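Input: a single structure, listed below in structure tokens.
Keep in mind that this is a model prediction, so the values were computed, not measured. Letters go in sequence order (proteins before strands), and every chain restarts at 1.
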Amino acid sequence: MSHASKHEHPNPARARWMGIFARASAADLQKALDGLDAVPAYEFLRRPETGLVMVRGRSGGTGNPFNFGEMSVTRCAIRLAEGVTGHSYAAGRDMKKAELAAVFDALMQTDRRMTLETGVVAALARKQAEARALKSRKAAATKVEFFTMVRGDNPL
Amino acid sequence: MTPSASNDLLPGFADPVFDAQSAFRATLDAMSYPGRVQTVPTSLATPEPLGIAAGSLALALFDFDTPVWLEPVLAEGPAAGYLRFHCGCPVVSGMGEARFALVNAASLPRLDNFGIGEDRYPDRSATLVIAVPSLTDGPGTRWTGPGIDGSIGVQIAGLPDDFWAQWADNRELYPQGIDVIFTCGKSLVGLPRTINVEA
Amino acid sequence: MYVAVKGGEKAILNSHKLIAETRRGNSERPEITIEQIADQLGLSVDRVMAEGSLYDRGLAALAVKQAQGDLVEAIFLLRAYRTTLPRFAMSEPIDTAKMLVQRRVSAAYKDIPGGQVLGPTYDYTHRLLDFALAAEGGVGMPEAPVADEALDDGMPHVADLLDYEDLIEPDLPDPDQPEAFDLTREPMSCPAERDQRLQNLARGDEGFVLALAYSTQRGYGGNHPFAGEIRMGEVAVEIVPEELGFAIDIGDMVVTECHMINQFEGSADRPPQFTRGYGLTYGHNERKAMAMALVDRALRAREFGEVAKYPAQDEEFVLYHADNVEAAGFVSHLKLPHYVDFQAELSLIRQLRAEYEDRQQKDAAQ
């Protein structure tokens, strides 16, 4: 079955911010929304709903795709009073987060984009990068050098 | 137009659960009692030229696992984005891949373009949802088969001249073969593959 | 065959109440929370997610709580729940080379680009019960050391190092490969291709897959395996929603991946080379990933012209018995009333016995 392909309508800027909103917590998104000078009016095109994504892997990490298993995901779509549509898909079952992520996706397509980019998006991205770096540094503290011991029966 | 430029997207069912159930019920009745006109009780704003019955049926039945073929006028218009958004269904370019097809009687492709299922899985066939100008005003035909007490007279309008000859060929493929649902406005008539039609 | 019976409604309701009370345990102690299970019994949660084939820590933790820690029952609960959810998308294949690595070791090479990273592992513990964990007040909040530098971004797979020398079979996507088989949409069918086998093994019972893997090591289908690489960490999950038409990340998932490298002496049309076995599981689940990789390689016997004569190489045997929801269901159904069946068997045995005794008497009389 041919579903939408990855490269049908590339939109790297929007994909990036949607990914950042998807990884943010509902609390952080709510705080960011409350911080706006005017909370935007919007209606639901699709109320938050939870479903599944079939996650695929590749044999050997590089070969043919196979169906690895499913993951819960929650999506939402809203339309701002001014007509702009916002979408969200976020792993997990947090409906509030899906709603807020869709609102921010819509706002990022309005003339508020520059302000939001340097404020909200940059702060969320920084927080996510810091969390990743901390995890990686804890793993790095367990890096090991193995030395091969010469076996007694090995000729020197 | 990219699918994301959906700022004029029409909303789906007002009450997703009950509206989908009643559209499902109407479709079920149409397939259970071939030839009888059923009506979807839902009111739905569908993008032109998608009719209310066809749109309701789509919203009730189409999902991520049902590849759909749309006739060009639908595929190139707002209906494609509408169905992608509300149903999440893949819109396919090959008729043979489709499990459902939304078509119009006036530009109906030949039936043998569509999937008839497999010996082991005859259910993996296509269902054609054909928009017609009238369900009651066309040339008279007499239908017999399961779900019909004796026979029933049906007057579908606007079909190609050789449609019923094609249908006879499809009937021969049983248990494989396509199924048809005729739609007009809020009404629909089911024509399962088991039905014999005398034109 | 079993037949329906009536009755017992009150007894069943009371049984539900009794199991609820039993599950709650001693009421003088606080009730365990879902968050505590997700955090502190994380590896149980990982296993339930893997075999329940649904990545959702909260739901898996709930299932563990509801099943009183019976993981196979919890897996069943999760599988049942997933059937209530609609599917929104297929992900793009996850890219494990871009993993945020938490652990990564190779038993084939000691010096690998990016380094060997032990991560959180029980491998080098002494398996002595730690009574500090049982002490009142617990262990407080231990803090792990933090290195100055993060690990390298993106670590190459060890198997790819052998690829440079052309000493390992290539594993590249086949552009003509049809859509991957999906066990959640189609019934199992044999002969199975590798995509179907990998999906089956990924959600297969850990104990069953482990025992099969062990059997290959003990001579029932020798593969001469090396753990080329084991890695665990977070990978991004990316989908292309139908209505957007471009790829977006929806979040991350923790996976464990294992590449087994196996000696292969060559065949008429293949040179001597190393071959691959692949294991991939949700969460931190190394035993399962390694076992899966061994069984994956064993099941590739046909592909390499090897004679499949051992259980782990027998695709039908492995694939049809790996799923513990199916297995538990079929074994458990024997608990259902078989009263009519058994009565029929009973009268048959009585009749056969009477005939047997008649014959014995006649033989004795002669």
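- Here the side chains of C/Met90 and B/Phe64 are in contact, with some heavy-atom distance below 4.5 Å.
- Around the CG atom of B/Asp161, the shell of radius 6.0 Å holds no more than 12 heavy atoms that belong to other residues, nucleotides or ligands.
- B/Tyr82 does not touch chain C: none of its heavy atoms, backbone or side chain, sits under 4.5 Å away.
- Looking at heavy atoms from C-beta onward, B/Cys89 lies out of side-chain contact with C/Glu242 at the 4.5 angstrom threshold.
- The local environment of CZ in C/Phe304 is crowded, with over 12 non-hydrogen atoms from other residues, nucleotides or ligands closer than 6.0 Å.
- B/Arg84 and C/Glu243 make their closest contact through O-OE1, 4.1 Å (heavy atoms, listed as atom of the first residue, atom of the second, distance).
- Side-chain contact between C/Arg87 and B/Asp63 is absent, with no heavy-atom pair separated by less than 4.5 Å.
- Residue contact with chain C, scored on non-hydrogen atoms closer than 4.5 Å, is absent for B/Arg120.
- Residue-environment remark: CZ (B/Phe18) stays at or below the threshold of 12 foreign heavy atoms within 6.0 Å.
- Within 6.0 Å of CZ on C/Phe76 lie no more than 12 heavy atoms contributed by other residues, nucleotides or ligands.
- Sparse packing is recorded around CG of B/Asp149, with 12 or fewer heavy atoms of other residues, nucleotides or ligands lying under 6.0 Å away.
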